[in-house]
Undergrad: 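My questions all concern the structure below.
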Amino acid sequence: MTIDWAALDRGVAALDGTAGLIVLDAEGRTLYEHESDATFPAASVIKIPILMTVYADAAEGRLSLDERVSVGQHLPGTGVLGRVNGVTDLTIRDHATLMTIVSDNTSTNRLMERLGTERIAERMREWGCIRTELRRKMFDFEAANRGFDNVATPRELAALLLRLVRGELVDRATSGAVLAVLEGTQDDALIRRYLPARTRVAHKTGSLEKVRNDAAVIWAERPVIAVGLVNGVPDIRPARSLLGLLGWLAYAAAGGQARGLPSEWPEGR
């Protein structure tokens, strides 16, 4: 099957904003890339290395996933804990799950406090993250105003997901456990936008004003990794469509039945 990767070039050229995209196969070979080493606002895709740190540290005996951690101060934004005030504590496992599948910001901050920002940064350096940085907690506007934003590159996020696919996060069981959590992500408006309903996808989305991000492993006959970071878009709809096209073409590269382009992407657009 011929894959029309040039459609992504056309989509990026038409975008009122900037985008970084990359697609890798399970051997780490680059199938497509555009500005894959540029840094972008990470939004909630920065929660991927936090999740990986939780499970890696648990596998190495540094913490227990069953340890209970207070919910503490409820944060606005994505998630559910801000709406269920009767919950006072959760296990680390449950905080990690909520941080991922509904992008709960309260759980994210509790995990960052429990692990320590420097511990997460140490893990990220261990995993080859040079330009992807966790600089502040969620909704820390004071730090954000001082320029401490969380940033990421498509290539480094893809390398983190590749580590999971290869079973290299401590071991195969730990890697599989993290992928299982990522498979629970509820947002299907971006990379999963055009995919068949039962497609297996392990991913994490992220959004801020004018930002839409998604980092995913997509399975069909084989796994393929796709990461898209989009910034500076006054209208998020083209960003959603571009990330959906990225997912569609990655699904085709994985051996999925994805002939042609989605209806929003006529040939030659």
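In this chain, numbering begins with 1 at the start of the sequence shown. Remember, predicted model here, so these are calculated numbers, not experimental data. Side-chain atoms are counted along with the backbone in the values below, which use heavy atoms only and exclude waters and symmetry mates.
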Undergrad: Using only atom types and a distance under 3.5 Å, with no angle test, would you say the side chain of Thr53 pairs donor to acceptor with the backbone of Pro49?
TA: yes
Undergrad: Measure the spacing between OG1 of Thr18 and NZ of Lys210 and express it to the nearest 0.5 Å.
TA: 11.5 Å
Undergrad: State yes or no: do Ile120 and Val151 share one hydrophobic cluster built from I, L, V, M, F, W and Y residues joined by side-chain heavy-atom distances below 4.5 Å, directly or via other members?
TA: no
Undergrad: Any salt bridge linking Arg131 with Asp37? Criterion: basic side-chain nitrogen under 4.0 Å from a carboxylate oxygen.
TA: no
Undergrad: Let me confirm one number: the CG-CD1 distance from Leu115 to Ile50, rounded to the nearest 0.5 Å.
TA: 8.0 Å
Undergrad: If you look at every heavy atom in Ala215 and Ile191, which pair is closest and at what distance?
TA: N-CD1, 4.4 Å
Undergrad: Checking Arg192 now: which residues fulfil side chain to side chain donor-acceptor pair (under 3.5 Å) with it, not counting sequence neighbours?
TA: His203
Undergrad: Is there a donor in the side chain of Gln257 and an acceptor in the side chain of Tyr251, or the other way round, less than 3.5 Å apart?
TA: no
Undergrad: What's the separation between atom CG in Leu161 and atom CD1 in Ile218, rounded to the nearest 0.5 Å?
TA: 10.5 Å
Undergrad: Nearest 0.5 Å, please: how far is CG in Leu51 from CG in Leu179?
TA: 9.5 Å
Undergrad: Just to verify, what does Arg68 make a side-chain contact (heavy atoms from CB on, under 4.5 Å) with, not counting sequence neighbours?
TA: Asp89, Thr91
Undergrad: To the nearest 0.5 Å, what is the distance between CG (Leu8) and CD1 (Ile22)?
TA: 12.5 Å
Undergrad: Is a side-chain N or O of Asp104 found less than 3.5 angstrom from the main chain of Leu81, in a donor-acceptor match?
TA: yes
Undergrad: In terms of hydrophobic clusters joined by side-chain contacts under 4.5 Å, are Ile225 and Trp127 together?
TA: yes
Undergrad: May I ask you to decide whether Arg62 forms a salt bridge with Glu60, counting only side-chain N to carboxylate O separations under 4.0 Å?
TA: yes
Undergrad: Taking only Lys NZ, Arg NE, NH1 and NH2, and the carboxylate oxygens of Asp or Glu, determine whether Arg200 and Glu183 approach each other closer than 4.0 Å.
TA: yes
Undergrad: For residues Val23 and Glu33, determine if any side-chain heavy atom of one lies less than 4.5 Å from a side-chain heavy atom of the other.
TA: no
Undergrad: Between Arg172 and Leu164, is there a side-chain heavy-atom distance shorter than 4.5 Å?
TA: no
Undergrad: Assigning hydrophobic clusters by single linkage (Ile, Leu, Val, Met, Phe, Trp, Tyr; side-chain heavy-atom cutoff under 4.5 Å), is Leu31 placed with Leu242?
TA: yes
Undergrad: Distance-only, no hydrogens or angles: does the Asn150 side chain make a donor-acceptor pair with backbone N or O of Arg136 under 3.5 Å?
TA: yes
Undergrad: Is there a path of hydrophobic side-chain contacts, each under 4.5 Å between heavy atoms, that joins Leu63 and Val69?
TA: yes
Undergrad: Would Leu243 and Arg193 count as a side chain to side chain contact (heavy atoms under 4.5 Å, CB included) if you check the C-alpha gap in whole Å, the side-chain angles of each, and the deciding distance to 0.1 Å?
TA: CA-CA 8 Å; Leu243 293 175; Arg193 183 178 185 87; over 6 Å; no
Undergrad: Could you walk me through whether Val227 and Asp214 satisfy the side chain to side chain contact (heavy atoms under 4.5 Å, CB included) test, starting with their C-alpha distance in whole Å, then the side-chain angles of each, then the deciding distance to 0.1 Å, before giving a yes or no?
TA: CA-CA 6 Å; Val227 176; Asp214 206 345; over 6 Å; no
Undergrad: Go through the steps to decide whether Cys129 and Leu160 satisfy the test side chain to side chain contact (heavy atoms under 4.5 Å, CB included), and finish with yes or no.
TA: CA-CA 9 Å; Cys129 292; Leu160 291 177; 4.0 Å; yes
Undergrad: Do you know which two heavy atoms are closest between Val54 and Ala96, and how far apart they sit?
TA: CG1-CB, 4.4 Å
Undergrad: Without hydrogens or angle criteria, can the side chains of Asn105 and Lys47 be said to hold a donor-acceptor pair below 3.5 Å?
TA: yes
Undergrad: Taking only residues two or more places apart in sequence, or in another chain, which ones meet Ala26 in a side-chain contact (heavy atoms from CB on, under 4.5 Å)?
TA: Val165, Pro223
Undergrad: Any side-chain hydrogen bond (donor to acceptor under 3.5 Å, both in side chains) involving residues 218-239? Give me the pairs, sequence neighbours left out, ordered by first then second residue.
TA: Asp235-Arg237
Undergrad: With a 4.5 Å limit on heavy-atom distance, are the side chains of Leu182 and Val217 in contact?
TA: no
Undergrad: Under the side chain to side chain donor-acceptor pair (under 3.5 Å) test, which residues partner Thr153, sequence neighbours left out?
TA: none
Undergrad: Sequence neighbours excluded, which residues qualify as side chain to side chain donor-acceptor pair (under 3.5 Å) partners of Arg166?
TA: none
Undergrad: Checking Arg163 side chain against Leu169 main chain: does a donor-acceptor pair fall under 3.5 Å?
TA: no
Undergrad: May I ask you to test the Leu245-Pro262 pair for a side-chain heavy-atom distance under 4.5 Å?
TA: yes
Undergrad: Run the salt-bridge test on Glu122 and Arg125 with the 4.0 Å N-O cut-off and return the result as yes or no.
TA: no
Undergrad: Can you hop from Leu15 to Leu246 via hydrophobic side chains spaced under 4.5 Å?
TA: yes
Undergrad: Compare all side-chain heavy atoms of Pro154 with those of Phe40 and state whether any distance is below 4.5 angstrom.
TA: yes
Undergrad: Using the side chain to side chain donor-acceptor pair (under 3.5 Å) rule, take Asp94 and Thr97 through it: C-alpha gap first, then chi angles, then the decisive distance, then the call.
TA: CA-CA 5 Å; Asp94 288 342; Thr97 299; 5.0 Å; no
Undergrad: How long is the gap from CG on Leu98 to OG on Ser103, to the nearest 0.5 Å?
TA: 10.5 Å
Undergrad: If you look at every heavy atom in His95 and Ser107, which pair is closest and at what distance?
TA: ND1-OG, 2.8 Å
Undergrad: Do the non-hydrogen side-chain atoms of Val71 and Arg110 ever get within less than 4.5 Å of each other?
TA: no
Undergrad: Do Val181 and Val178 touch side chain to side chain, with heavy atoms closer than 4.5 Å?
TA: no
Undergrad: So which atom in Ile130 and which in Glu156 form the shortest heavy-atom distance, rounded to 0.1 Å?
TA: N-OE2, 2.9 Å
Undergrad: Angle class for the Tyr32/Trp5 ring planes (parallel below 30°, perpendicular above 60°, tilted otherwise)?
TA: parallel
Undergrad: Evaluate salt bridge (charged side-chain N to carboxylate O under 4.0 Å, His left out) for Glu27 paired with Arg29, printing each intermediate quantity in order.
TA: CA-CA 6 Å; Glu27 303 303 317; Arg29 292 183 292 252; 5.3 Å; no
Undergrad: Between Ile236 and Val233, which heavy-atom pair has the shortest distance, and what is it?
TA: CA-CG2, 4.4 Å
Undergrad: If every non-hydrogen atom of Ala220 is compared with every non-hydrogen atom of Ala254, which pair is closest and at what distance?
TA: CB-O, 3.3 Å
Undergrad: Strictly distance-based, threshold 3.5 Å: is any side-chain N or O of Asn213 a donor or acceptor partner for the main-chain N or O of Val230?
TA: yes
Undergrad: State plainly whether the residues Arg93 and Glu67 are in salt-bridge range, i.e. N to O under 4.0 Å.
TA: no
Undergrad: With a 3.5 Å distance limit and no angle check, can you tell me whether Ser64 reaches the backbone of Asp66 through a side-chain donor-acceptor pair?
TA: yes
Undergrad: Is there a side-chain contact between Thr205 and Val45, using heavy atoms and a 4.5 Å cut-off?
TA: no
Undergrad: Does any donor atom in the side chain of Thr100 or Lys204 lie under 3.5 Å from an acceptor atom in the other side chain?
TA: no
Undergrad: The test is side chain to side chain contact (heavy atoms under 4.5 Å, CB included); show your working for Leu229 and Glu35 and say whether it passes.
TA: CA-CA 10 Å; Leu229 308 180; Glu35 296 293 340; over 6 Å; no
